[in-house]
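Please read the structure below before turning to the comments.
Atom set for the values below is all heavy atoms of this structure, side chains included, hydrogens, waters and symmetry mates excluded. We name chains A, B, ... by the order of the sequence lines, and we start the count at 1 in each one.
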Amino acid sequence: MKITVNDQVLDANEGESVLEVALRHDIEIPHICYHPILPANGVCRMCLVEIDGINGLPASCSTPAADGMVVHTETETVRNRRRENLELILLEHPSSCLVCYKREACQTFRPEKEKTGVTTGCQNCPNKHDCEVQRLTLDLGITDLPVGSFYRNAEFDRDDPFIENDPNLCILCGRCEQICQYHHDTPVVVLTGRGPDARVGQAFDLPLNASGCTFCGACVDLCPTGSLSDRFARWYGVADGLVKTTCPFCDAGCALEVKSEGHRVFSATALDQTKPLCALGRFTIPPFLSSRDRLTHPRVMAGERLREVTWEEAFTAVADGLAPFKGDTFALVCDRSGTVEDRHALRVFTEEVMDSSHYIEIEDGEEPRVELPTGVKAVLLTGDFLEADALDALEMVVVLDCYPSPAAEKATAILPAAILLETKGHLVDENGVERPAKRAVRPAGQAKQDHEIITGLITAMGDEGTAGKLTGEIETRIQDSEAELITERAEAPAPALDVTKIRTRYRGHLIAARVPDAGAVQPVAAPVPSEVV
Amino acid sequence: MDRSILEGNPHLVIEGMVIAAIAIGATEGFIFVRTEYPLARKHTEVALQHARNHGLLGKNILASGIDFDIEIVRGAGAYVCGEETALIASIEGRRGMPRPRPPYPVEKGLWGRPTCINNVETLANVPIIIEQGSEAYAAIGVEGNSGTKIFSLVGKIRNTGLVEVPLGIPIRKVVYDIGGGPLEGQKIKAVQTGGPSGGCIPEELFDLPVTFDSLTEAGSIMGSGGMIVIDEETCVVDLAKYFLTFTQEESCGQCPPCRVGSRAMLVLLDRITEGTATMADLDKLEQLAGTVREASLCGLGKNAPNPVITTLRYFREEYVEHIEKKQCRAFTCKQLITYTIDEERCNGCGACFRVCNDDAIIGEPKQLHVIDQDRCVHCGNCFVVCPPSLAAVVRTSGELTRYEEPVVKAKKG
């Protein structure tokens, strides 16, 4: 099938829209509401074109390409209407910065971050660095608006977990509703109100968790303005780090696109946008990583207190302390959250170096509290796995963990662990296939990955041969890895409507305790709307 | 119109639908009625029950082997649901919002199935055509526009109400012969056809036949079949503003040209009626009207600027008068009217003085009253209360000054 766009003859496929054909051949037609994974909506009216034989100006996104079609995208009428249409869009969007004659100087000299709640222009918009409206406005060179702006002055909805909705920025492109419909059949985020009162919200103005939202965050990902935003990510600027990796939270193995700025991870989104993530994968990783309570420095018990020490001192202290407990008086407790390599190192350490048969790996889904085998006097814990009374019976506790726990208070030594996106190696998905885990950000403080700590310990114990072998093994394994990300998932992961059903704890720590929003995700019963008479 | 048919003779529509269903092989039909028309719904419900009782609806209609039943769906009071795709969305239980076509409802309509969607009046005509034959039906009206059409004839005329006329009849005949012409002492200025999305047709064009094509050519539409007659007492700018206020409030809010464009037009119209507009605003208004008309997604948006476009086309001088002379010749736009008190007529009765909410009238009882123009908000209360026997309040708008004739009551006895 051939169509002609601006005198260029292009080949088109069956079922493709005019816009898709043009974009595929690098002919730019401005568009906002169109998104490759969504069915054409045709509401933003930016992609209007002229087509010979069709009356008026059809939207190219919703017009299927037909053989012999002659399309004009840059005629005088099209340009004018497109321009005027964008001017109208800008009337409802805080556009002062876009049409301001001092914009360029302002962008150069203004400080980068502005933590203001209310957005009145690009300067304090969460999306100022990556905004489709901004880009279009500059492209079309709009410097004036037909009448004064129609600022909605609507209330900023901050009551829901993870997602904030500032209706004042919304241009009602409807992508959020469409993607919600696409993922979940019945959209939660919908257009409400009419005429000048139209805005994006939930039916009957219910909160998101009472409307059946699974907090997959797809609406936030697709929002072209800063209207729907990720509460944590909105305060960051342009990503200076972008890593594609596997979600470390469960064995669904969803591939993530992780953005970081200045060694802080601020957002994790789905690599395969056709399937939504769960609330954990989409929203909890950055806040969980960046909590101020993280254990960041190795500490060793000196007298009555834990004292900050260097890694060498810590390794020596732990090696010396564990030396008398070789054999079955030693136990190691870990869960399955770490990479394959980390768990391998932990097992080697327990079985070969400490010569103990008590390598205890907690299965996922189990209550992360274990009872230690009798006779165990020393324990290396990689998380909050022991009850307080079990701890009292122990002579030595080494904690290799990320957050404070009762065990950490009684520990002889605390070794801070790198977690989640700070680690590299492999994760195993539910089908037993290994998936790559890439390091997206450097570990908090001086934290190190489990296997690095273990090899350091083994070296300090004088067994340099095993340490060297282990390091070599792991490094080759990571380097030679051919593991691939799941770029197209067969099905969406279980919606994390109820976080308790998926994973409440990471290394024994309650996720909700560190990320309060995660605890607020539990669905609330929707009040029954009064009968419409 | 449609409501009157459903209230008065719903059987006609049901019969039309059954015929249409047989023609296309449909087994299910829907009648979409606004919640605001409970009587239409009630009557249709009764008619449907009657039809079912007589075996004219339901399984195996009149032992013909044809199954067809009709369900009534209540609309949630949205003007935009008159747009076919929005109506379909509403029946499906979604928000009444139009979607782009293609695919057209005949390919992919209700729940993705091919759907024949027609107006109540159209379907009501079907049994008549079948019964009398197409030739007899085509004999009514003019070529290309056969049959009759019901209009809701209202406004500044003597006889108002629903009238059924053959298509192709001149507007003049409807307005003057059937409508009885202007009210006493007035002159008819124009007629707004097609409801709020229609256009204004001036008196000069009243010889125009009422057909779909001629109305479109004149910038208006047949639309819902409304005919609102206006006379010299009505300001066309105000009229356009009135209809646009309605359409912009009824916009579903999806597409910017309709949602924001009509609102921006309204702002400009406000400026014109308040006397703060410039000629540049008029150009902007015209340009915006074009954008809203050409860029909107559905018929609501495409037709929303019609009142503005047609009044600009036929009554441009009135717009210009508003802007340049700050004059509203119909004395409708309040901000453009200045009230003064004629010192020879005023007897100092104090009526105006008492009703003025803004203390703009200075004066003592039995003394001449004066209106302080700086304080006056042009509410017109003083004009209303000034005794007709005096008619001392004089209205000025631009270059026009209007004195009311004092009404002298005959003394009793």
Side-chain angles (χ1 to χ4, degrees), chain A residues 17 32-33 39-46 48 50 54-64 66 77-78 80-93 145-150 170-174 177 181 186-187 190-200 203 532-533, chain B residues 35 38 74 76-80 85 93-103 244-271 277 280-281 283-285 287-298 300-302 304:
Chain A
S17 70
I32 296 177
C33 72
N41 199 6
V43 299
C44 77
R45 315 308 290 167
M46 282 306 297
L48 300 177
E50 267 186 82
I54 296 183
N55 270 346
L57 303 174
S60 58
C61 69
S62 62
T63 310
T77 335
V78 170
N80 285 343
R81 294 306 180 219
R82 186 187 288 161
R83 231 186 112 82
E84 281 155 15
N85 188 41
L86 187 59
E87 286 174 3
L88 292 176
I89 292 176
L90 290 178
L91 277 180
E92 278 194 340
H93 183 80
L145 301 177
V147 293
S149 76
F150 298 139
C170 186
I171 55 167
L172 294 164
C173 70
E177 177 172 357
Q181 162 105 42
T186 310
V190 291
L191 232 67
T192 62
R194 231 186 302 185
D197 301 325
R199 64 181 196 87
V200 163
V532 182
V533 187
Chain B
T35 304
R74 273 195 296 172
Y79 182 70
V80 72
T85 49
R94 294 184 286 122
R95 186 169 186 261
M97 279 194 302
R99 59 159 176 80
R101 296 170 299 180
L244 201 64
T245 309
F246 174 81
T247 39
Q248 71 106 25
E249 274 173 8
E250 288 294 331
S251 162
C252 79
Q254 264 194 119
C255 74
C258 173
R259 179 187 74 239
V260 199
S262 56
R263 198 167 159 205
M265 285 171 70
L266 207 55
V267 169
L268 294 173
L269 283 175
D270 269 335
R271 282 187 199 166
D281 285 338
D283 295 340
K284 266 189 214 165
L285 181 67
Q287 205 173 0
L288 267 174
T291 305
V292 177
R293 177 183 219 160
E294 284 179 30
S296 285
L297 170 67
C298 78
L300 173 62
K302 284 188 199 302

Can you name the nearest heavy-atom pair linking B:A295 to A:R45, along with the distance?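 Minimum heavy-atom contact is O-NE, 2.6 Å.
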If I compare all heavy atoms of B:G253 with all of A:A198, which pair ends up nearest, and what's the gap?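 Closest pair (atom of B:G253, atom of A:A198, distance): CA-CB, 3.8 Å.
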B:A78 portion near chain A, given a 4.5 angstrom heavy-atom threshold: both
Check whether B:Y79 gets within reach of chain A through its side chain, its backbone, both or neither, counting any heavy atom under 4.5 Å.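 Interface part for B:Y79: backbone (N, CA, C, O).
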Does a side-chain heavy-atom distance below 4.5 Å link B:L297 with A:V43?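 Yes, side chains in contact.
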Count the heavy-atom pairs under 4.5 Å between each of [options] and chain B, then report the option with the highest count.
| options | value |
| --- | --- |
| A:C44, A:C173, A:A59, A:G174 | A:C44 |
| A:N80, A:I171, A:I89, A:N85 | A:N85 |
| A:N55, A:N41, A:T186 | A:N41 |

Sequence neighbours left out, what pairs pass side-chain hydrogen bond (donor to acceptor under 3.5 Å, both in side chains) with at least one residue falling in residues 256-265 of chain B?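 Qualifying pairs: A:E92-B:R259.
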Mind checking what makes salt bridge (charged side-chain N to carboxylate O under 4.0 Å, His left out) contact with B:E294, not counting sequence neighbours?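 Once residues adjacent in sequence are excluded, the partners of B:E294 under the salt bridge (charged side-chain N to carboxylate O under 4.0 Å, His left out) criterion are A:R81.
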Closest-packed option against chain A by number of heavy-atom pairs under 4.5 Å, given B:R101, B:R94, B:R99, B:Q287: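 Of the options given, most contacts go to B:Q287.
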Partners of B:A264 by side chain to side chain contact (heavy atoms under 4.5 Å, CB included), sequence neighbours excluded? A:L88, A:L91, A:V147, A:F150, B:L288
Identify the residues of residues 190-197 of chain A whose heavy atoms come closer than 4.5 Å to a heavy atom of chain B, ordered by number, or report 'none'.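 The residues closer than 4.5 Å to chain B, in numerical order, are A:L191, A:T192, A:G193, A:R194, A:G195, A:P196.
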Interface moiety of A:L172 toward chain B, non-hydrogen atoms closer than 4.5 Å: both
